[in-house]
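Keep in mind the model is a prediction, meaning the values are calculated, not measured.
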Amino acid sequence: MAGLQGAILLISAKRADSVSSEVAVHTLSNTALLQDMIEANTVLIESVEQLAAEIHTHVCPSAHRPGAGSALSVPKSVTSQVSRL
């Protein structure tokens, strides 16, 4: 009977190790995916910030260039960003 209990305990321990290993791999995979998403989000936020500043410069030219005319033009950087969407 003791031999059977030992075998059962060994099988149980191996199963627990296997489950722990699968959880660790899954967590690592999720962490890598989240890191990639955070980096992509940071790039997008920086682009939005730059575009908002450029739009503000063109919508409120007097705030950035004293004596500037009221004619607005869309810079190439804005049109290239929009065309990529």
Side-chain angles (χ1 to χ4, degrees):
M1 186 74 167
L4 187 56
Q5 287 176 341
I8 291 172
L9 289 174
L10 183 61
I11 291 169
S12 177
K14 285 185 177 183
R15 172 117 172 89
D17 286 345
S18 175
V19 169
S20 294
S21 176
E22 289 177 24
V23 169
V25 169
H26 179 73
T27 301
L28 179 63
S29 174
N30 281 349
T31 302
L33 179 61
L34 288 173
Q35 184 64 36
D36 291 344
M37 292 173 72
I38 289 169
E39 290 173 7
N41 188 46
T42 300
V43 170
L44 288 173
I45 288 172
E46 290 169 351
S47 296
V48 168
E49 182 181 24
Q50 178 188 3
L51 291 171
E54 288 180 25
I55 290 169
H56 187 265
T57 300
H58 293 287
V59 170
C60 305
S62 62
H64 300 280
R65 292 175 277 160
S70 62
L72 299 177
S73 63
V74 178
K76 287 184 180 182
S77 61
V78 172
T79 56
S80 67
Q81 292 286 333
V82 171
S83 67
R84 287 191 283 165
L85 299 175

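Listed by chain and number, the residues in a side chain to side chain contact (heavy atoms under 4.5 Å, CB included) with Thr27 are Val23, Thr31 (sequence neighbours excluded). Evaluation of the side-chain hydrogen bond (donor to acceptor under 3.5 Å, both in side chains) rule for Glu46 yields no partner, not counting sequence neighbours. In this structure, Glu49 has no side-chain hydrogen bond (donor to acceptor under 3.5 Å, both in side chains) partners at least two apart in sequence or on a different chain.
Looking at Glu54 and Gln50, their side chains come closer than 4.5 Å, going by heavy atoms from C-beta outward.
Atom CG of residue Asp36 and atom CG of residue Asn41 lie 12.5 Å apart, to the nearest 0.5 angstrom. Here the straight-line distance linking atom NE2 of His26 with atom CD of Glu22 works out to 11.0 Å at 0.5 Å rounding.
Between the side chain of Ser29 and the backbone N or O of Val25 there is no donor-acceptor pair closer than 3.5 Å. Side chain of Ser21 to main chain of Asp17: no donor-acceptor pair is present (N/O by atom type, distance under 3.5 Å, no hydrogens or angles).
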